[in-house]
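FYI, the numbering just counts along the sequence from 1.
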Amino acid sequence: MQFSYSWLKTQADPNLSADEFAHLLTMSGLEVEEADRAAPDFTGVVVAEVKSVAKHPDADRLNVTQVDAGTGELIQIVCGAPNVQAGIKVPCALPGAVLPGNFKIKPTKMRGQTSNGMLCSAKELGLSEDASGLLVLSADAPVGKNIRDYLDLDDTVFTLKITPNRADCLSIKGLAREVAALTQCENHLPNIMAAKITSTKIQPVRIDASADCGRFISRVIENVNAKAATPEWMKQRLARSGIRSISALVDIGNYVMLELGQPMHIFDADKLSGSIIVRRAREGEELVCLNEKTVCLSENTLVIADEKNALSMAGLMGGESSAVSDDTQNIVLESAWFKPEIIAGKSRQYGFGSDSSFRFERGVDWTLQADAIERATELVVQICGGQVGEMQEAAGKLPAQNTVSLRLARVEKILGVHIPVEKIETILRNLGLNPVATSDGFQVTAPSFRFDIEIEADLIEEIGRVYGYENIPDDYTSGRLKMLRLPETQKSRFSIYSHMAARGYQEVVSYAFVNEQWEADFAANDAPIRLQNPLAAQFSVMRSTLIGGLVEILQNNLNRKQNRVRIFEVARVFNKTADGRFSQNERIGALVYGSAKPEQWAEKNRPVDFYDLKADVESLLAGKNAHFIKAEHPALHPGRTAEIRINGNTVGFMGELHPQWLQKYDLPQAALLFELDVAAVSNTEKAVYQPVSKFQPVRRDLAFVMPESVCHADLIRALQTVNNPLIQEISVFDVYRGTGLPEGMKSIAVKVILQGFDTTLTDAEVEPVMAELVKAAETTGAVLRA
């Protein structure tokens, strides 16, 4: 919500500076995002009238003007603006003036002609980017008056971050009511008078969707001048509220919305056929909107229609076929109350919104409609003229007002401070909550403009914020703090992040809502969990894997010339269980791309490979009995993918991105990824003390010939089945393929470290162990190499 402080002061003047006012609003729950001056600082600029204009004798594009600036005599100023002409009133910077950017005005000569000042455009005063010509002022602008005073340029424009429950503050009237309650200043409500009826013309209306539309009012005004100019004061207030002036009739509708909080629409009466009907759209019905978009309406959309076609989307956007134009002679004013639920979500559904939908979906006061019609009528007659017809009203289902009980004891308990009962009553009354005293507090009837007053806690919140949170004294907790025991078998979240950072990874955060195509590509998930009301088309389903977000972040980095990427994310993924329920579990996913190490002079550059990533995974799972089993995954290369198991349970996967996804997602080289259950990473075995042997270890090397189809992990697992306390380590140190081996065979060399705790080992003790190992290896098809 953006508004002019000067405009607000016409209804409620808190007599506070802009900074004090911003603090007051923020502390009361209406957060001030911005507070900007209406214009930058400048001095010495006054209203002037151009008396005469003559061509410069020595310059085709310059004019010599005589200007009355209220000094008692005419001033000669050389001007190059194309729209300068005798009789107009414009801003004039006199000698000694300082314009924005510290631009100082002094008498000068331009092509031999003296110029004692400068006639200004809006851009030169910092009011807008329009530099096409002079800023032409109203004909009644007083000559010689300081332009800052005349245009109220010392005004402040506030931008508020209104929470969804405070739709009552989306208007000057609502803000004035709030300010009056906060400061006890006078609240001067707009004086709305019933219009004099001068026409017999009426516009019949009917509500077919009574549950969606509680009230609909129309009024015909004939013989209006649609070409009439919008008054400068209205243009200024609209501009400082962030709305561009379009035409007098459109501006009046926007002005009433900003002033009272009731969105309105104005139809060209001669483009309507019969009655106006409020109904649900018919499936497949189309509408060309004012933003020139053609939309296909769904049955859950409320429309305003005549007896032939839909005219507009209720509360969202008007239609082009019934819009007013400069040729409009007769108009229909429309003011309605729509149920917030029928408007909510339509902006996302159709891909565009409006100031009206922003208000309707949060809730509009259901008693405002007649006042809005009368106020708009007053402005139309004042600016565009015309003859006024009687209002026509159709009624649907309106909300019921909530009655809420407030206990004084509960107020004190929740807020922690005693507030006198008279003060509480005053606060409630100033907020328009109409309190009635009861034995233990008050009975409150929520007004029509407060949809959020439903329970006692809502009332206590209102009392607290108006009383002032800064007026509630600080309290100090006293007690004994107990240091809680941290389990040894649980790694902290911070330690996981620190570990990944130490390995050169950077943390990223991506959306849990993802593109449906990602689920099909990276998870082969044809039935993902769909969102009923997605934020956008690319956020239509819940992710079951972290791969899509990591790949998208990789693409963004590559587009910004970052050719070495190491990223990780810890987040939840979502799946359907066999019984149709939803499950969510936390995963850690990581992606590496580019060179294995940062570019340097001491080491040759090489691309990161499967085993670099495997080293990162093993370090993350250090201390656990992790196995990497050849597997397949829809996102990964069929020959470079492993399933990660701990104690026989699958906890994740790793591998190289599938070549088809490299091509589809435009990746120049292969990316490698892993994904693990966070529980598998954070759970760890309790540390157990083990003494260090004082005796020399014994190393024995075994070389086995085995088929290529048998992987080294199978061999190691087979050797580890030999449960002998003398064995301290078994690991592969060499793989050989080539001359001397049969085709389809390979040789794997394994080192075995043995060590005793009581004595130095002898061959007699070592040889039986080695024989057991050879026998265990033979179960995989391996044969001891001669």
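In terms of modelled atom types and a separation under 3.5 Å, the side chain of D251 and the main chain of I246 share a donor-acceptor contact. Distance alone, capped at 3.5 Å, places no donor-acceptor pair between the Q262 side chain and the L258 backbone. In this structure, the side chain of S335 engages the main chain of Q369 through a donor-acceptor pair within 3.5 Å.
Ring-plane geometry between F21 and F3 is classed as perpendicular, the angle between the planes exceeding 60 degrees on a 0 to 90 degree scale with a lower cut at 30.
Other residues, nucleotides and ligands place more than 12 heavy atoms under 6.0 Å from the CZ atom of F352. At most 12 non-hydrogen atoms from other residues, nucleotides or ligands lie less than 6.0 angstrom from NZ of K201. Sparse packing is recorded around CD of E186, with 12 or fewer heavy atoms of other residues, nucleotides or ligands lying under 6.0 Å away. Other residues, nucleotides and ligands place no more than 12 heavy atoms under 6.0 Å from the CD atom of E390.
Between the CG atom of L30 and the CG atom of L160 there is a distance of 6.0 Å, given to the nearest 0.5 Å. One distance of note links CG of L238 with CG of N254; it measures 6.5 Å at 0.5 Å rounding. Atom NZ of residue K196 and atom OG1 of residue T198 lie 8.0 Å apart, to the nearest 0.5 angstrom. Interatomic distance, OH of Y5 versus CZ of R240, reported as 14.5 Å (0.5 Å rounding). The CD1 atom of I383 sits 4.0 Å away from the CD1 atom of I252 when rounded to the nearest 0.5 Å.
There is a side-chain donor-acceptor pair under 3.5 Å between T328 and D268. In the model, S17 has no side-chain atom that pairs as donor or acceptor with a side-chain atom of D19 under 3.5 Å. Residues S583 and N575 have side chains that never bring a donor and an acceptor to within less than 3.5 angstrom of each other. At a cut-off of 3.5 Å, with distance as the only test, a side-chain donor of S298 or Q349 sits close to an acceptor on the other residue. Checking S6 against D152 by side-chain atom types alone, a donor-acceptor pair falls below 3.5 Å. At a cut-off of 3.5 Å, with distance as the only test, a side-chain donor of S405 or Q443 sits close to an acceptor on the other residue. A donor-acceptor contact under 3.5 angstrom links the side chains of S199 and E222, judged on distance only.
Using a 4.0 Å cut-off between a side-chain N of Lys or Arg and a carboxylate O of Asp or Glu, E299 and R282 do not qualify as a salt bridge. Using a 4.0 Å cut-off between charged side-chain N and carboxylate O, E374 and R219 make a salt bridge. Remark: R465 engages E178 in a salt bridge, criterion side-chain N to carboxylate O under 4.0 Å. R493 has a carboxylate O that lies under 4.0 Å from a charged side-chain N of E586, or vice versa, which qualifies the two as a salt bridge. Contact check on K346 versus E361 returns no salt bridge, with no Lys/Arg side-chain nitrogen under 4.0 Å from an Asp/Glu carboxylate oxygen. Salt bridge present: E425 and R429 bring a charged side-chain N and a carboxylate O closer than 4.0 Å. Electrostatic pairing of R279 and E285 counts as a salt bridge here, judged by a charged N lying under 4.0 Å from a carboxylate O.
The six-membered or imidazole ring of F539 lies near that of Y511, with a centre-to-centre distance under 6.0 Å. In summary, the aromatic rings of Y255 and W7 are positioned with their centroids under 6.0 Å apart. Here the two rings, on F338 and W366, have centers that are 6.0 Å apart or farther.
The shortest distance between side-chain heavy atoms of D458 and D452 does not fall below 4.5 Å.
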Item to complete: Check step by step if salt bridge (Lys or Arg N to Asp or Glu O under 4.0 Å) holds for R237 and E259.
Response: CA-CA 10 Å; R237 289 179 174 181; E259 183 180 54; 5.4 Å; no
Worksheet entry | Stepwise ring pair (Phe, Tyr, Trp, His ring centres under 6.0 Å) test for F267 and H265 | CA-CA 7 Å; F267 296 101; H265 190 68; 4.6 Å; yes
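A cation-pi contact, defined as under 6.0 Å to the ring centre and within 45° of the axis, links R177 to F449. For the pair R362 and F358, the cation-pi criterion (under 6.0 Å, within 45° of the ring axis) is fulfilled.
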